[in-house]
Structure formats: C-alpha cells, structure tokens
Amino acid sequence: HLRGRYVVSVRVAYTGADGERLVAPLRETGPVLADSLRVMPYAESRTIHSDPDFPHSYYGDSAVLGELDVERVGELLARTGPGTGAMVVVQINQLGGALARPAPNSVPYREGRFLVRLLTGGGRDRARALLDPAFRLLAPAALGRAVNFAFGAGDRTEGLYDAETRVRLPGLEARYDPASLLRGRG
C-alpha cells in the first residue's frame with residue numbers, strides 16, 4: 001500500500017514523562033499510516049526503526065552537512081522518490097548536542113548540523129548509479145561521511161575521517177589491534 005508514494009517516518013526518543021503531550025502536534029499534521037510510538041524499555045529502542053530481523057542486502061551511505069539547503073533537499077527527494085523505480089530510504093538527522101562537543105575519540109565532523117543517509121536495496125552497481133548523483137547534489141555542503149553508515153562501500157574510505165584522525169588512526173591500530181581483527185583481516 002506504500003508503493004509509489006512518499007512517506008515520512010518520524011522517530012522520537014524522549015526520556016521525560018510528558019512525551020504524549022509533546023508529540024500530540026506531530027500526530028495532527030496529516031494522515032497517519034502507522035503510529036508505534038510508545039513507552040518502552042531502553043533494551044527495545046532498537047525496534048524504533050522497524051528494521052527486518054533477518055539478513056537482507058542493501059547499499060547505503062551518508063553525508064554530514066554543515067547546512068541543509070531546502071531546495072537541494074527537494075531535488076534530492078525528486079531524484080530518490082517513487083519515480084526512480086527503486087525503494088530509497090532518505091533519512092535526515094539534526095545533529096548537535098553531545099555529538100558537537102569535542103571528545104578524545106575518532107568521531108569527526110562535530111561541527112556538522114545534519115546527517116543525510118540514503119539506503120536502497122539491490123546490487124551495489126545499481127545502488128551507486130542511483131545514490132551517487134544524489135550525494136553529488138549534497139556535496140557543496142558536505143563535510144564528510146559518517147563511518148557508522150557506509151554500508152556496502154567496501155574499501156571506499158574517503159571522507160570518513162578528517163585529516164587529523166586519518167593521521168592518528170594507524171598508530172592506534174598498531175597499538176591496540178596489531179592483528180587487524182577489527183578490519184576482519186586477521
């Protein structure tokens with residue numbers, strides 16, 4: 001029933017007691033196809049995205065943006081919408097808060113204000129032919145890519161880390177993972 005339609009999914013995580021009151025305006029903005037918002041234990045928070053619990057193939061990548069241009073987002077939706085002949089998930093996250101504060105780890109692009117993630121099924125070549133032009137559209141505002149959302153990218157590592165982190169990581173790997181177990185090469 002969703003094929004060929006634009007659908008917006010709003011996911012909320014909130015730890016206060018007045019969540020129902022805060023989301024009431026969201027529920028009034030338009031037709032609701034499904035509403036699974038509920039109080040849940042933290043251990044169930046993985047269910048918020050309604051991901052399948054079985055293996056499936058897909059390709060996905062991301063762009064960390066300094067700004068979000070509304071016209072570019074409109075073009076992005078046109079390029080990835082129902083007319084493409086493929087299902088494409090477009091996820092836009094507002095960044096900030098604790099993620100924006102400096103920390104002694106390898107999380108780059110803390111100055112980023114938005115994270116755009118694109119995901120589609122099918123083979124990598126078909127997915128790249130669909131998604132790469134969309135990412136080129138976002139390139140003027142892109143700071144880099146999010147390392148935890150580079151599915152099917154293989155050894156394509158450009159943009160995953162800032163210059164300082166790229167210099168620092170090999171030393172950390174040599175010290176803490178000399179057998180390259182984390183890369184799956186050990």
Side-chain angles (χ1 to χ4, degrees), residues 1-14 22-23 25-38 45-100 107-154 156-161:
H1 71 285
L2 301 178
R3 186 179 304 270
R5 297 174 63 187
Y6 283 106
V7 176
V8 174
S9 171
V10 178
R11 292 179 293 266
V12 176
Y14 180 69
L22 292 173
V23 300
L26 284 173
R27 289 180 163 135
E28 296 170 5
T29 60
V32 176
L33 299 173
D35 187 341
S36 61
L37 191 61
R38 67 191 190 285
S45 63
R46 62 176 171 71
T47 67
I48 291 172
H49 294 279
S50 300
D51 288 336
D53 59 357
F54 54 86
H56 55 287
S57 67
Y58 52 87
Y59 175 85
D61 213 338
S62 61
V64 179
L65 306 179
E67 294 295 328
L68 190 65
D69 181 300
V70 173
E71 289 181 22
R72 286 188 190 272
V73 169
E75 179 63 24
L76 174 72
L77 293 175
R79 291 183 184 196
T80 57
T84 64
M87 183 195 75
V88 179
V89 175
V90 178
Q91 182 173 333
I92 301 174
N93 295 88
Q94 183 176 6
L95 302 176
L99 188 60
V107 176
Y109 314 119
R110 290 179 178 274
E111 69 276 22
R113 299 195 51 218
F114 296 93
L115 173 62
V116 176
R117 305 176 198 197
L118 303 177
L119 181 80
T120 190
R124 183 169 34 178
D125 292 341
R126 180 175 179 245
R128 298 272 317 254
L130 178 64
L131 300 186
D132 285 355
F135 283 115
R136 282 194 293 276
L137 177 70
L138 300 174
L143 304 172
R145 298 164 55 216
V147 70
N148 60 345
F149 200 82
F151 301 124
R156 197 172 138 243
T157 60
E158 71 276 359
L160 292 177
Y161 298 104

Enquirer: Of all heavy-atom pairs between L26 and T29, which one has the smallest distance, and what is that distance?
Expert: O-OG1, 2.9 Å
Enquirer: Minimum heavy-atom separation for A150 to L160, with atom names?
Expert: CB-CD2, 4.3 Å
Enquirer: Look only at the side chain of Y14 and the backbone of L22, and say whether a donor-acceptor pair between them is shorter than 3.5 Å.
Expert: no
Enquirer: Between L119 and R117, is any pair of side-chain heavy atoms under 4.5 Å apart?
Expert: no
Enquirer: Report the distance from atom CD of E67 to atom CG of L138, rounding to the nearest 0.5 Å.
Expert: 13.5 Å
Enquirer: Has R113 got a side-chain atom pairing as donor or acceptor with L68's backbone, closer than 3.5 angstrom?
Expert: no
Enquirer: Got a sec, which residues hit side-chain contact (heavy atoms from CB on, under 4.5 Å) with L37, two or more places apart in sequence or on another chain?
Expert: V12, V23, R27, D35
Enquirer: Measuring from S62:OG to N148:CG, what's the distance to the nearest 0.5 Å?
Expert: 7.5 Å
Enquirer: Test your reading of the model: is there a side-chain donor-acceptor pair from R72 to the backbone of L137, 3.5 Å cut-off?
Expert: yes
Enquirer: Supply the atom-to-atom distance L95 CG to F114 CZ, rounded to the nearest 0.5 angstrom.
Expert: 8.0 Å
Enquirer: Just by modelled atom types, is the P133 backbone N or O under 3.5 Å from a matching donor or acceptor in the R79 side chain?
Expert: yes
Enquirer: Tell me the closest heavy-atom pair linking A134 and L76, and the distance in Å.
Expert: CB-CD1, 3.5 Å
Enquirer: Any donor-acceptor pair under 3.5 Å linking the side chain of Y109 with the backbone of G159?
Expert: yes
Enquirer: Using atom types as modelled, flag every donor-acceptor pair under 3.5 Å from a side chain in residues 83-92 to any protein atom, sequence neighbours excluded.
Expert:
from: T84; atom 1: OG1; to: G81; atom 2: O; distance (Å): 2.9
from: T84; atom 1: OG1; to: A86; atom 2: N; distance (Å): 3.3
from: T84; atom 1: OG1; to: A86; atom 2: O; distance (Å): 3.0
from: Q91; atom 1: OE1; to: R11; atom 2: NH2; distance (Å): 3.0
from: Q91; atom 1: NE2; to: N93; atom 2: OD1; distance (Å): 3.1

Enquirer: State, with a plain yes or no, whether a side-chain heavy atom of L131 is found less than 4.5 Å away from one of T120.
Expert: yes
Enquirer: Without swapping roles, check the side chain of R110 against the backbone of L99 for a donor-acceptor pair under 3.5 Å.
Expert: yes
Enquirer: Sequence neighbours excluded, which residues qualify as salt bridge (charged side-chain N to carboxylate O under 4.0 Å, His left out) partners of D132?
Expert: R128
